[in-house]
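A short worksheet on the structure shown next.
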Amino acid sequence: MADPSIAFVASEGEEAAAALAALQARYPHVPEHQAEVIVALGGDGVMLETLRRHINQRVAVFGMNRGTIGFLMNEFGEERLVERVRDATPVTLHPLRMSVETVTGARQEALAINEVSLLRQTAQTARIRITIDGTVRMDDLMCDGLIVSTPAGSTAYNLSAHGPIVPIGAGVLAMTPISAFRPRRWRGALLDNRARIGIEVLEIDKRPVSATADATEVRDIRSVSVIEDRESELHLLFDPDHNLDERLLKEQFAS
C-alpha cells in the first residue's frame, strides 16, 4: 500500500508551531488541498477548524496534541508518523445542523461538531419550550441555557454542565440544561439521533436568547431546530490503542 499524501496544519501556539516546523522538515508533505490525510497540531480547536474546512471531502484528519485540551487528539510524537497514520483507526462523525429564526424573521444555518447551545443574553433567566418530533416535551423550561451535544462533544461543554458522556456508536444525542431553575430537578434527556429537536424562546423581548453551533453564534433568536445531518461526514484517525471509544470510556471512570 502506498503511503498517504500528508499535509500539516497547526494552531498559532509556540508548541504547535515548533512541531509543525519539525515535522515538515522530516516528512514529505503536500498542500492541504492535495492531501489524503491532514495532520493537525494543537488542541481540539485546530482539530475542529480543520474538520469544518473538509466536511464531505475524502480527507481524514489525524490530530496530535500540542495545545491545552486535546480530547480529539492523539499523543504527539515525531517518530514513525507515516506508520501511525497508515495503521490508525478511522472514525466517521456526523455534525448537528442548527437552523435558526431570529426575532426579525431572518434565518441562518450552521453545523456543529460538538454541540448546539442556547444561552440567556441578559440577567433574566431564559424561558424555552422544547418539542421532539413535533410533540411538546417541555412546555416551559426556565434556565440559563440548553445544550444539544453530539457523542464527540459530550465530554466538552455538555460534561461541564453535568451532562452524560455518550459513546460514539450509541445512536443518541445528549440534551442538557444549564442551571435549570424550573423544573429544578430536570437533568436533561438522551434522544435518538434521528430526532428532530425544536426549541422556541418564550418572552422574547424580556428574555433574549442566543444560539451557538460550536463557534457560530446567532443572537436574539425566536426559534431553533436541530437535527443530526446524516449527509455530512467528518473523518478522523486515531491510534488503535488510544481511539475515541476508549477515551470516552476512560472519561466516564475518571476521578
Side-chain angles (χ1 to χ4, degrees), residues 44-45 47-48 51-52 69-72 91-100 110-120 126 128-139 141-201 209-217 221 223-230 232-234 236 238 243-254:
D44 285 346
M47 170 62 85
L48 294 175
L51 288 171
R52 287 190 197 99
I69 299 174
F71 186 81
L72 297 175
V91 173
T92 299
L93 303 179
H94 300 284
L96 300 176
R97 180 172 295 277
M98 176 184 78
S99 301
V100 178
L111 293 177
I113 300 169
N114 273 355
E115 75 275 319
V116 171
S117 57
L118 280 70
L119 296 171
R120 62 182 174 92
I128 59 179
R129 178 177 294 127
I130 301 170
T131 62
I132 307 297
D133 295 326
T135 299
V136 175
R137 297 296 182 181
M138 182 73 68
D139 189 61
L141 172 64
M142 299 185 68
C143 58
D144 282 353
L146 185 72
I147 301 168
V148 180
S149 171
T150 66
S154 65
T155 59
Y157 194 8
N158 172 73
L159 182 60
S160 297
H162 307 292
I165 295 174
V166 180
I168 290 295
V172 298
L173 305 174
M175 175 179 282
T176 303
I178 303 170
S179 301
F181 178 69
R182 188 178 297 127
R184 194 180 298 274
R185 294 184 179 180
W186 189 62
R187 294 292 180 263
L190 291 175
L191 306 173
D192 189 290
N193 62 353
R194 295 166 295 181
R196 301 187 67 87
I197 302 166
I199 303 167
E200 179 186 355
V201 179
V209 173
S210 67
T212 302
D214 286 350
T216 302
E217 182 187 32
I221 66 168
S223 63
V224 179
S225 65
V226 181
I227 60 169
E228 184 178 81
D229 189 343
R230 302 295 297 180
S232 296
E233 293 186 345
L234 306 155
L236 292 77
F238 293 96
N243 62 50
L244 192 54
D245 282 329
E246 176 65 17
R247 291 180 209 194
L248 289 167
L249 187 59
K250 285 182 176 179
E251 191 70 28
Q252 293 179 81
F253 291 91

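The two residues Ala215 and Arg52 come nearest to each other via the heavy atoms N-NH2, 4.1 Å. The minimum heavy-atom distance between Phe238 and Leu72, with the atom names listed, is CE2-O, 3.3 Å. Of all heavy-atom pairs between Val100 and Ala211, the closest is CG2-CB, 4.3 Å. Taking all atoms of both residues into account, the shortest heavy-atom contact from Asn114 to Gly153 is OD1-CA, 3.4 Å. Nearest heavy atoms, Val209 versus Ala126: CG2-CB, 3.7 Å. Taking each heavy atom of Pro164 and Leu190 in turn, the nearest pair found is CG-CD2, 3.7 Å.
Interatomic distance, CG of Leu93 versus OG of Ser232, reported as 12.0 Å (0.5 Å rounding). Distance check: Leu173 CG to His94 NE2 gives 11.5 Å after rounding to the nearest 0.5 Å. Taking CZ from Arg196 and CG from Leu191, the interatomic distance works out to 13.5 Å, rounded to the nearest 0.5 Å. Atom CG of Leu146 sits about 6.5 Å away from atom CG of Leu141, to the nearest 0.5 Å. Remark: Leu234 CG to Leu51 CG distance equals 5.5 Å, nearest 0.5 Å. For the atom pair CG of Asn158 and OG of Ser117, the computed distance is 11.0 Å after rounding to the nearest 0.5 Å.
For the salt bridge (charged side-chain N to carboxylate O under 4.0 Å, His left out) condition, the pairs that include at least one residue of residues 144-163, sequence neighbours left out, are Arg120-Asp144. Evaluation of the salt bridge (charged side-chain N to carboxylate O under 4.0 Å, His left out) test over residues 175-193, restricted to residues two or more places apart or in two chains, returns Asp192-Arg194.
Between the side chain of Ser225 and the main chain of Ile197, no donor-acceptor pair closer than 3.5 Å is present. With hydrogens and angles ignored, the 3.5 Å screen pairs a side-chain donor or acceptor of Asp214 with a backbone N or O of Glu115. In this structure a side-chain-to-backbone donor-acceptor pair under 3.5 Å is present from Ser154 to Val166. Panel note: side chain Asp229, backbone Arg97; no donor-acceptor pair is recorded below 3.5 Å.
Side-chain contact between Ile165 and Leu159 is present, with heavy atoms from C-beta onward closer than 4.5 Å. The shortest side-chain heavy-atom distance between Val201 and Ile199 does not fall under the 4.5 Å cut-off. Counting heavy atoms from C-beta outward, Val136 and Arg129 have side chains that approach closer than 4.5 Å. Annotation: side chain of Met98 is in contact with side chain of Val224 (closest heavy-atom distance under 4.5 Å). Under the 4.5 Å side-chain criterion, counting only non-hydrogen atoms from C-beta, Met138 is in contact with Pro183.
Checked by atom type, the side-chain pair Asn193/Glu228 shows a donor-acceptor distance below 3.5 Å.
Put simply, the residue from Leu118, Ile128, Ile178 that forms a side-chain contact (heavy atoms from CB on, under 4.5 Å) with Cys143 is Ile128.
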